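Down below is the structure, laid out as structure tokens.
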There are 2 protein chains.
Amino acid sequence: MEKKCTLKDLAKILNLAVSTVSKAINNSPEISQLTKIKVQNTAQLYNYSPNKSAQNLKTKKTKTIGVIVPDVLSHFFAMAIHGIETEANSKGYKIIICLSNESREKESKSINTLINGSIDGLIISLSKETQITEDYGHFEEALKYNFPIVLFDRTFEKIICDKISINDQLAAKEATEYLLQTGCQNIIFLSTISGTSVGEKRRMGYLDGLKNTGIQSSILNIKNYNSFEKLLMSQLQNFKVDGIVTADELSAISTMKYALKNSFKIPEDISVIGFTNGVLAENYIPSLTVVDQQAKKQGTIAARTLIKRLNKKKPIKPVHRTLKTSIIQRQSTFALTAKITEIDNPSGKQLPSKV
Amino acid sequence: MEKKCTLKDLAKILNLAVSTVSKAINNSPEISQLTKIKVQNTAQLYNYSPNKSAQNLKTKKTKTIGVIVPDVLSHFFAMAIHGIETEANSKGYKIIICLSNESREKESKSINTLINGSIDGLIISLSKETQITEDYGHFEEALKYNFPIVLFDRTFEKIICDKISINDQLAAKEATEYLLQTGCQNIIFLSTISGTSVGEKRRMGYLDGLKNTGIQSSILNIKNYNSFEKLLMSQLQNFKVDGIVTADELSAISTMKYALKNSFKIPEDISVIGFTNGVLAENYIPSLTVVDQQAKKQGTIAARTLIKRLNKKKPIKPVHRTLKTSIIQRQSTFALTAKITEIDNPSGKQLPSKV
DNA sequence: CTGAAAGCGCTTACAG
DNA sequence: CTGAAAGCGCTTACAG
């Protein structure tokens with residue numbers, strides 16, 4: 001690879017000092033208009049652009065944000081990344097992405113490689129393992145140096161930093177109440193993410209929703225998709241169930257898939273509501289009623305919050321933002337005409353009402 | 001944010017020269033065992049880790065790979081990113097991700113901000129706009145300096161660099177032949193990505209597949225999902241169609257969604273085959289028969305190829321790798337007992353055979 | 001085996 | 001308005 005043109009090269013060509021050239025390129029008011037034009041023209045001619053490593057070293061800024069998420073395959077995180085990238089880019093930042101694959105070890109390694117001058121700040125959604133073990137030791141060093149961190153979605157109260165999330169507990173309570181209002185009498189909670197902060201909060205929200213209804217609660221935790229059908233069916237065949245609140249998107253879809261396969265009708269026999277408004281939820285038959293988690297917005301706000309902090313001279317108090325959720329009513333549940341806006345019912349079919 | 005410990009700090013504490021400390025930390029054979037141990041212990045004690053910007057500036061390496069993809073929401077690119085990240089990480093590289101959002105402008109900007117010392121090499125899948133306009137000017141500078149680039153999936157022959165892809169034309173031909181072999185007589189090709197290299201190749205493959213069969217070809221290009229149902233239905237209702245080769249995953253799912261909604265049976269009335277083995281294809285009812293594009297493997301090989309090049313002292317000739325595809329037979333088509341392995345038919349139902 | 005020096009490519013306080 | 005100098009935090013050829 002050939003050598004790129006440097007400030008020194010330009011200085012020699014123009015017969016100017018390196019410092020003058022630097023200032024001219026950065027449009028410093030110290031420099032005369034004439035010189036600026038001359039310098040900028042030659043810079044363009046030689047396709048000059050400042051070396052980032054040198055700039056970073058000198059200015060102690062990288063204009064880069066680190067992002068660590070559990071995975072990139074689930075719609076929620078992909079969408080959040082999209083939001084982060086868009087916002088960051090519009091403010092002149094690049095993003096480095098690390099996937100923890102739900103592993104604390106990998107998360108820890110990523111933090112360590114990133115905070116040594118590769119990035120200005122970090123946006124993280126915690127790995128399942130980190131949340132289950134509650135071992136946050138790998139954050140200590142970053143926190144000691146006051147390294148700017150924003151947690152989103154899967155957060156933890158003991159880590160003192162900016163946090164962006166939805167009110168998972170309230171959202172699950174509302175989802176449960178929604179099923180109740182459409183006439184469901186036997187509602188269970190199904191989760192493949194028990195142990196994560198959001199999984200636990202949603203479970204509690206479900207319990208909140210059933211409080212004072214006299215309805216027996218029932219929780220089905222599934223660790224592994226291999227046993228999904230077996231566990232779900234043993235529940236559906238041995239107990240009366242007419243409504244299922246699921247903790248994420250894929251588990252909702254799998255619930256529908258196996259229920260339909262085993263001749264249950266949705267929503268006639270069983271209503272299903274899920275979390276995250278993804279492409280699966282939207283395109284499935286029946287389309288899935290979901291709690292919109294505002295994935296993109298969480299990403300956008302996370303990036304915005306971080307960049308705001310980076311631009312402050314003095315440390316500011318941690319910011320906690322809780323985004324509002326809404327229920328998107330589709331075909332996997334009965335209709336609720338009041339309150340909830342019906343969007344995106346591509347079939348145009350009238351949603352059935354429970355009598 | 002507090003100051004991090006530097007080599008200079010350590011040197012002062014240990015009463016050694018900066019150069020000695022540097023070598024000790026990097027385990028240079030020049031340094032005595034005793035000194036190494038002393039230095040490494042204090043380094044650990046003070047939580048020392050070398051400043052990346054300084055290292056990058058000095059060594060002219062960043063151990064970072066840039067990745068530019070059209071989006072992160074489609075399963076193919078998310079999976080490719082997963083492959084790239086895993087491979088890169090295992091070799092000690094980080095990845096910076098930029099999303100072109102199918103825009104040439106954004107792609108161009110990303111290239112320019114990345115190649116100025118932020119990364120060692122670049123992995124790109126071209127944006128739709130770049131491919132349609134065939135304007136590759138934004139690659140000129142990088143190519144002039146021999147900047148290491150790997151193109152994957154959406155490639156272009158005029159850009160001289162490493163390339164990883166599948167044989168899209170052959171894969172589409174095989175998909176078409178597959179439908180023929182299961183008994184389809186009126187097969188159309190449906191695409192929402194016409195104009196991209198892969199879209200065109202798949203279209204040609206479809207035509208190849210029909211050659212010498214006497215079957216009339218018919219191509220349905222859809223630019224916008226808003227008119228998807230209307231265009232598809234006008235085709236299905238006015239012409240005899242019993243097989244559809246679609247150019248990607250979401251368009252296949254949408255095809256099934258709207259066909260089912262309009263009372264067509266799949267595969268009895270219409271067989272559908274798609275590209276990309278994503279979570280939609282796997283979980284839909286009926287599950288979708290697809291050409292497995294080897295998303296993760298394309299990513300892995302792209303990263304591996306790039307890193308191999310980065311480790312070479314001398315420039316080597318561009319590498320072109322074409323990965324083998326396979327058809328994953330599911331429920332959206334009739335069964336073909338020979339040749340093709342049936343995997344992932346979660347329902348366990350026997351696939352119907354066309355008589 | 002240890003250290004002094006140069007230099008990667010920038011920016012910026014200071015001098016003239 | 002222009003320039004000489006110092007320095008960001010490293011690495012590495014060279015000297016001793």
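Numbered from 1 within each chain, the chains take letters A, B, ... in sequence-line order. Everything quoted here is computed from the prediction, not taken from an experiment. When reading the values below, keep in mind they use all heavy atoms of this one structure, side chains included, and skip hydrogens, waters and symmetry mates.
Of all nucleotides listed (dC10(D), dT11(C), dG3(D)), dG3(D) comes nearest to the side chain of S19(A). Comparing dC8(D), dG9(D), dC10(C) by their nearest atom to the side chain of A54(B) picks out dG9(D). Listed candidates were dT2(C), dC1(D), dG9(D). Nearest to the side chain of S32(A) is dC1(D). The side chain of T20(B) sits closest to dT2(C) out of dC10(D), dT2(C), dC8(C).
Between F77(B) and F152(B), the ring-plane angle classifies as perpendicular under the 30° and 60° cut-offs. Using a 30° and 60° split on the angle between ring planes, Y136(B) and F139(B) fall in the tilted class, from 30° to 60°.
Between N26(A) and Q33(B), the one whose closest nucleotide on DNA chain C sits nearer the 5' end is Q33(B).
If you take CD of E30(A) and C1' of dA4(D), they are 14 Å apart, rounded to a whole angstrom. Remark: C1' of dC8(D) and CG of D9(B) are 13 Å apart, rounded to the nearest angstrom. Distance I31(A) CD1 to dT12(C) C1': 12 Å, rounded to the nearest Å. Distance, N51(B) CG to dC10(C) P: 17 Å, rounded to whole Å. Distance NZ (K8(B)) to P (dT11(D)): 15 Å, rounded to an integer number of Å. A straight line from OH of Y48(B) to C1' of dC10(D) spans 7 Å, rounded to a whole angstrom. For L7(A) and dC8(D), the CG to P distance is 19 Å, given to the nearest whole Å. Taking atom CG of residue L10(A) and atom P of nucleotide dG9(C), one finds them 12 Å apart after rounding to whole Å.
Backbone-only contact: Q55(B) has heavy atoms under 4.0 Å from sugar-phosphate atoms and none from a base. Residue contacts for S53(B): at a heavy-atom cut-off of 4.0 Å it reaches no nucleic acid atom on any strand shown.
For a distance-only test at 3.5 Å, the side chain of K58(B) fails to qualify as a donor-acceptor partner of the base of dG9(D). You'll find a donor-acceptor pair under 3.5 Å spanning the side chain of K23(B) and the base of dG3(C), going by distance alone.
Side-chain atoms of N116(A) and S49(B) form a donor-acceptor pair, as typed in the model, at a separation below 3.5 Å.
Around atom NZ of K38(A), no more than 12 heavy atoms belonging to other residues, nucleotides or ligands sit under 6.0 Å away.
Residue S22(B) places no side-chain N or O under 4.0 Å from the OP1 or OP2 atom of dT12(D). Side-chain N/O atoms of K60(A) include one lying less than 4.0 angstrom from OP1 or OP2 on dG9(D).
Under the Watson-Crick or G-U wobble criterion, with both distances below 3.5 Å, dC14(C) is paired with dG3(D).
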Candidate pair N56(A) and T62(A), rule side chain to side chain donor-acceptor pair (under 3.5 Å), full reasoning: CA-CA 5 Å; N56(A) 295 348; T62(A) 61; 5.5 Å; no
